[in-house]
Protein chains: 2
Amino acid sequence: MTTLKELAKLLNISVSTVSKALNDSHEISENTKKRVRELANNLNYKPNRIAQQLKSNKTRTIGVILPTVTNPFFAEVLHGIESVAANSDYDIIVCLSNETLYKEERSLELLANGSVDGFILAVARESQIQNHTAHLQKVIDSNIPILLFDRVMENVDCNKIIVDDYQSVFDATLHLIQKEKRSQILLLSNIEELSVGKLRINGYTKAMQSQNLEPKVLRLSHNDKVEQSILNYLEENPNIDAIISIDHVTGIVAINMAKKLGKNIPKDLSVIGFGYENTPLLSDPKISLVHQMAFKIGKMSMDLLIESITTTDTELKTIVIPSELEFNQTTLFK
Amino acid sequence: MTTLKELAKLLNISVSTVSKALNDSHEISENTKKRVRELANNLNYKPNRIAQQLKSNKTRTIGVILPTVTNPFFAEVLHGIESVAANSDYDIIVCLSNETLYKEERSLELLANGSVDGFILAVARESQIQNHTAHLQKVIDSNIPILLFDRVMENVDCNKIIVDDYQSVFDATLHLIQKEKRSQILLLSNIEELSVGKLRINGYTKAMQSQNLEPKVLRLSHNDKVEQSILNYLEENPNIDAIISIDHVTGIVAINMAKKLGKNIPKDLSVIGFGYENTPLLSDPKISLVHQMAFKIGKMSMDLLIESITTTDTELKTIVIPSELEFNQTTLFK
DNA sequence: TTGTATGCGTTATCAA
DNA sequence: TTGATAACGCATACAA
């Protein structure tokens with residue numbers, strides 16, 4: 001790697017002159033600038049980023065800590081984050097907590113040593129269950145900003161980007177009741193331990209109660225045979241006329257199981273799932289869904305974090321991103 | 001952020017003594033070490049990573065450049081890379097080329113300034129189509145190692161981790177012919193422009209020819225209505241008795257379309273797709289597939305890159321990861 | 001217009 | 001056993 005010092009030596013001028021020339025300082029003559037630039041070009045000189053970071057005490061790097069990246073929601077959020085980063089000349093260091101508190105703590109710890117200017121984080125399942133916030137607070141106290149998205153913790157003071165989990169499911173439920181005249185609506189849940197899961201179930205429950213209907217929730221623990229559980233439930237409760245799934249898998253499984261039982265979708269049974277991008281391609285008929293604006297969440301998270309880093313203004317915000325109900329082929333209403 | 005200088009001042013000793021004490025140097029007395037450690041602990045001192053990087057001229061950071069992360073294959077590879085990184089005390093900076101040559105070049109350019117010790121990269125669709133390698137060669141020439149995985153370029157001298165794309169599809173095809181007595185086997189392709197796509201199609205074609213059968217390839221361009229194209233083909237060619245899909249979506253679509261036409265799977269029609277993890281959950285019956293060991297590919301890529309960085313031995317390797325044929329419910333043979 | 005000196009935080013060499 | 005000094009590569013205040 002070529003350095004300023006080497007350029008200076010070859011040109012018989014001082015390091016600072018070279019530095020200024022390359023930064024197009026008005027102090028330097030055009031002639032010198034030209035000579036310097038030419039040599040720098042020939043030798044493929046690039047300022048050493050690490051040295052710049054040490055000097056400026058800024059890394060232009062953000063730590064992104066995700067519970068997993070194989071969940072398409074988080075993958076798409078990451079996509080959004082990266083797109084802003086690339087346009088704003090930031091790098092992102094990605095860590096995966098694998099849903100564990102331990103790894104989340106460790107990742108924060110390892111990067112909170114000057115490696116990054118801030119964090120974007122969705123808390124791990126385990127951290128959320130234990131309601132553990134000390135590790136987050138510690139980082140914030142050391143003056144490194146954190147932005148929480150999607151899965152947030154109430155009692156952490158930082159910027160947050162969240163989805164209207166409650167409202168979106170409330171609306172979807174009301175839609176099924178009022179527009180599609182459904183009353184035996186089943187909710188499928190395998191994430192009731194997460195803040196977002198609770199909110200979604202809550203939105204469903206409240207909507208049902210508001211119409212004097214009885215909520216029915218089928219909780220699928222993670223080791224369950226998801227398919228068999230759903231199949232059994234539908235067999236034992238043939239009157240079910242609508243299903244809401246609050247994750248991106250069980251809705252499609254439900255479609256397959258209902259078809260197996262000879263049900264016509266959406267005539268006999270409406271289905272609304274959660275999903276993203278090409279989720280609908282994977283089911284027949286194409287699943288209608290609550291489209292969480294994952295890409296947008298990523299973009300806005302990065303935008304807000306950068307803003308909080310670069311401006312001195314410190315008022316904390318919580319921004320709610322509305323999701324969109326996307327009607328495909330598993331609902332009566334288009 | 002606490003620094004060595006601050007600790008030294010508070011303890012009335014020199015910076016170098018503090019540094020040595022914290023690094024447990026034998027030169028320092030136990031007593032001093034203890035005092036230093038205590039204060040460091042109290043003030044939550046952590047050595048500034050950037051300064052260490054500048055001093056050592058090593059970043060312990062790897063640049064990972066992926067075409068996309070919403071494709072579950074790349075997401076899982078990233079997972080594998082991250083797991084090794086975390087265990088080896090490396091950070092990863094992630095960039096997404098979004099399948100464009102421009103972004104791929106830019107990402108390499110921006111990180112090849114001392115920000116990373118090496119790169120892991122799967123080339124963008126566009127780079128592959130144009131067979132553009134200059135940007136890769138330039139980085140390698142500047143002594144920053146690159147590891148290519150999955151989508152590789154023939155004429156770039158570097159370590160490579162690849163999948164046995166040819167062999168896996170060859171084997172799958174032969175299985176359908178010999179074990180399941182199929183002869184009218186259709187291959188679905190939407191990635192024929194990629195090196196891996198070509199290899200997979202080739203594996204299929206050669207296997208068919210070896211048994212004196214005529215290859216049939218349905219190429220689905222990216223704007224096509226995938227569902228309609230497949231449905232039409234199956235209607236016009238009712239004698240098709242097996243389908244091989246070389247991506248992770250069209251196989252499931254094919255299952256849904258075949259069911260729509262009243263075909264019994266696997267009795268009338270065998271289906272083998274490509275996929276990962278919980279792909280099978282999304283179809284009914286559960287799709288049989290070529291399981292690309294994505295996590296393993298990520299792990300081995302990172303392992304090999306780290307090895308090439310830390311050892312002086314420079315012989316370049318190409319490692320082939322065998323994929324596994326996973327029989328689920330869309331094949332006769334279990 | 002150019003050059004000298006200093007510092008970012010750390011580590012290593014050498015002197016005390 | 002401890003400390004002074006230099007160096008990593010860059011940027012800038014200040015001197016010439």
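Being a predicted model, the structure only gives us computed values, none of them experimental. Just so it is clear: chains get the letters A, B, ... in the order the sequence lines come, proteins before strands, and each one is counted from 1.
- Between A/Leu78 and A/Leu66, the closest side-chain pair of non-hydrogen atoms falls below 4.5 Å.
- For the pair B/Met1 CE and C/dG9 C1', the interatomic distance rounds to 9 Å; values are reported in whole Å.
- Distance from the side chain of A/Ala51 is smallest for D/dG9 among the nucleotides C/dT10, D/dG9, C/dT1.
- Of all the heavy atoms in B/Met1 and A/Ala112, the pair that sits closest is SD-O, 4.2 Å.
- In the set C/dT4, C/dT11, D/dG3, the nucleotide with an atom closest to the side chain of A/Ser14 is C/dT4.
- Atom-to-atom, CG of B/Leu11 to C1' of D/dT1 comes out at 16 Å; the value is rounded to the nearest Å.
- Following rounding to the nearest Å, B/Gln53 (CD) and D/dC10 (C1') show an atom-to-atom distance of 15 Å.
- B/Ser56 comes within 4.0 angstrom of nothing in the nucleic acid, heavy atoms only.
- Rounded to whole Å, the distance from CZ on B/Arg60 to C1' on C/dT10 is 17 Å.
- Counting any heavy atom pair closer than 4.0 Å across all strands shown, A/Ile13 reaches sugar-phosphate atoms only and no base atom.
- When each of A/Thr2 and B/Ser29 is assigned the nucleotide of DNA chain D bearing its nearest heavy atom, the one mapping closer to the 5' terminus is B/Ser29.
- Note on A/Ser19: a base of the nucleic acid sits closer than 4.0 angstrom, heavy atoms only.
- Side-chain N/O atoms of A/Thr32 include one lying less than 4.0 angstrom from OP1 or OP2 on C/dT2.
- Residue contacts for A/Asn48: at a heavy-atom cut-off of 4.0 Å it reaches the sugar-phosphate backbone alone, with no base atom in range.
- With distances taken from any side-chain atom of A/Leu54 to the nucleotides C/dT2, D/dT2, C/dG9, the minimum falls on C/dG9.
- A donor-acceptor pair under 3.5 Å is formed between the side chain of A/Gln128 and the backbone N or O of A/Val152.
- Each of A/Thr3 and B/Glu27 was matched to the nucleotide of DNA chain D holding its nearest heavy atom; the match closer to the 5' end belongs to B/Glu27.
- A salt bridge links A/Glu30 and A/Lys33; the closest N-O separation between the charged side-chain nitrogens and carboxylate oxygens is under 4.0 Å.
- Nearest heavy atom pair, residue B/Ala40 against residue B/Leu22, reads CB-CD2, 3.9 Å.
- Within the nucleic acid shown, B/Gln52 comes within 4.0 Å of sugar-phosphate atoms alone, with no base atom in reach, counting heavy atoms only.
- In this entry the distance linking OH of B/Tyr45 with C1' of C/dT11 reads 10 Å, nearest Å.
- Among the nucleotides C/dG9, D/dA11, D/dT2, the one closest to the side chain of A/Asn23 is D/dA11.
- Per the geometry, CD1 belonging to A/Ile28 stands 13 Å off P belonging to D/dA11, to the nearest Å.
- Checking D/dT2, C/dT10, C/dT2 against every side-chain atom of A/Lys20, the shortest atom distance belongs to C/dT2.
- Backbone-only engagement by A/Lys5 is indicated by non-hydrogen atom pairs under 4.0 Å involving sugar-phosphate atoms exclusively.
- One cannot find a donor-acceptor pair under 3.5 Å joining the base of C/dT10 and the side-chain atoms of B/Lys55.
- If you check every strand for non-hydrogen atoms under 4.0 Å, B/Ser16 touches a base.
- Put simply, NZ on A/Lys58 is 23 Å from P on D/dG9, counting in whole angstrom units.
- The nucleotide whose nearest atom lies closest to any side-chain atom of B/Thr17 is, among D/dG3, C/dG9, D/dC8, D/dG3.
- The interatomic distance linking B/Asn57 (CG) with C/dA12 (P) rounds to 14 Å, in whole Å.
- Contact between A/His79 and B/Asn98 at its shortest, heavy atoms only, is NE2-OD1, 3.3 Å.
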